[in-house]
Amino acid sequence: MSIVFDGISYGYGMNPKELVIDNLNMTIPKTGLTALLGSNGSGKSTIGKLMAGIIKPTAGDVLIDGLNTKEISLGEVGQKVGYMFQDPEKQIFAPTVEEELSFALRINGYREDIIEKKVLKALSDFELLNERTKFPFYLSRGEKQRLVLASILINRPKFLILDEPTTALDIKRKQALLNILKTLLDDGIGMLIISHDKSFVTKYANRIIELKKGEESSYAV
Ligand SMILES: Nc1ncnc2c1ncn2[C@@H]1O[C@H](COP(=O)(O)OP(=O)(O)OP(=O)(O)O)[C@@H](O)[C@H]1O
C-alpha cells in the first residue's frame, strides 16, 4: 500500500519550460508520517494536490494503491485520501457545524440514525459540541481547522494530507493538533504533512522529503 509518483511533471501554464514539478519519482508509504519540506514555491502544495487527485499530472502517473488518479473520480480518491487545504476556510461550505460534518455522509447514503451517531462522536472528539449549531464562518481559526479535520476524518480515509497545518496556531493549539495526529497515526492512518515548521513535523515524522525545485531528496528519521 503506497502512493507512487511515477515520472510526474506538472506545470500550471502552457509553456513546457515552466514546469513546477519535473519528472519526479517517489513512493510515499501509506503508514506513518512523511514530512514534506521545501522552500516557498518549490512545489509542495502542488504535490499535495496531485496526491489528492485535485489536479492531474501533465506527464506521468500518480498511483494510489495501484489506482491511477487519472482514471478514478475525485470522490473515489477522497475515500482513500483526505486533504486539508492550507486555508481551512476554503473547504467549509455548510451553514452549520453539524451540517458540515454530515454533508458527505448524507451524500453517501448513510441512515439518519447512523449519521447522528457519527456526527456526535466527531463533535465530541474534536471539542466542537458547543459549536454544533453555529455558522462555521464565526468559528476561531483553530475551531475551523478542527471542523475541517473532523469533516475529512468522518469519511474514514486511510491517508491524510495536511498542507501547512500549523500556520497561525499558537503553541497550545499546535500541541492539541499534535495530540490528534498522534492518535490518528496510532490508529494506522498514514499522513503527509507539508510544512515550513520543521520542529513540528519532525516530532513524529518517520520520513522527511526535502523538495528543491521539484526534485526530492528523502531520508528516514
Ligand atoms: N493556480 C496556480 N496558477 C499558476 N501558478 C501557480 C498556481 N499555484 C501555484 N503556482 C505556482 O507554482 C509554484 C509552486 O507552488 P506551490 O504552491 O506548489 O509551492 P509551495 O512549495 O507549496 O509554496 P509555499 O511554501 O509558498 O506554500 C509557484 O511558483 C507558484 O507560484
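Ligands are counted one by one from 1 in listed order, and the atoms in each one are counted from 1 as well.
Near His196, meaning under 4.0 Å from any of its heavy atoms, are these atoms of ligand 1: 25 (O). Counting the atoms of ligand 1 from 1 in the order shown, those under 4.0 Å from a heavy atom of Ser39 are 21 (O). Set against the non-hydrogen atoms of Ser42, the atoms of ligand 1 under 4.0 Å away are 19 (O), 21 (O).
At the top of the distance list for atom 29 (O) of ligand 1, counting protein heavy atoms only, stands Gly41 O, 4.2 Å. With respect to atom 17 (O) of ligand 1, the closest heavy atom belonging to the protein is Ser45 CB, 3.6 Å. Considering only non-hydrogen protein atoms, atom 25 (O) of ligand 1 sits nearest to Lys44 NZ, 2.7 Å. Ranking protein heavy atoms by distance to atom 9 (C) of ligand 1, first place goes to Tyr12 CE1, 3.4 Å.
By the 3.5 Å distance cut-off applied to N or O atoms, Val20 is not counted among the residues near ligand 1. Residue Thr46 has at least one N or O atom closer than 3.5 Å to an N or O atom of ligand 1. Here's the thing with Gly43: one of its N/O atoms is less than 3.5 angstrom from an N/O atom of ligand 1.
Note: Phe135 and Phe137 have tilted aromatic rings, judged against thresholds of 30 and 60 degrees for the angle between ring planes.
Counted by atom type alone, Asp163 and Ser45 present one or more donor-acceptor pairs between their side chains at under 3.5 Å. Glu99 and Ser102 share no side-chain donor-acceptor pair at under 3.5 Å.
Within the 4.0 angstrom cut-off, atom 12 (O) of ligand 1 has one or more protein heavy-atom neighbours.
With a 4.0 Å cut-off on non-hydrogen atoms, Asn40 touches ligand 1 through its backbone as well as its side chain.
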Does the side chain to side chain contact (heavy atoms under 4.5 Å, CB included) test come out yes or no for Ile115 and Arg106, once each step is laid out?
-> CA-CA 7 Å; Ile115 293 176; Arg106 214 155 264 137; 4.0 Å; yes
Where do Leu105 and Ile154 land on the side chain to side chain contact (heavy atoms under 4.5 Å, CB included) test, with the steps shown first?
-> CA-CA 8 Å; Leu105 297 175; Ile154 211 164; 3.8 Å; yes
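Between Lys182 and Asp186 there is a salt bridge, since at least one side-chain N of the basic residue sits less than 4.0 Å from a carboxylate O of the acidic one.
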Do any side-chain atoms of residues 46-55 form donor-acceptor pairs under 3.5 angstrom with protein atoms, and if so which ones, sequence neighbours left out?
| from | atom 1 | to | atom 2 | distance (Å) |
| --- | --- | --- | --- | --- |
| Thr46 | OG1 | Tyr12 | OH | 2.9 |

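You'll find the side chain of Met191 stays beyond 4.5 Å of the side chain of Thr34, heavy atoms only.
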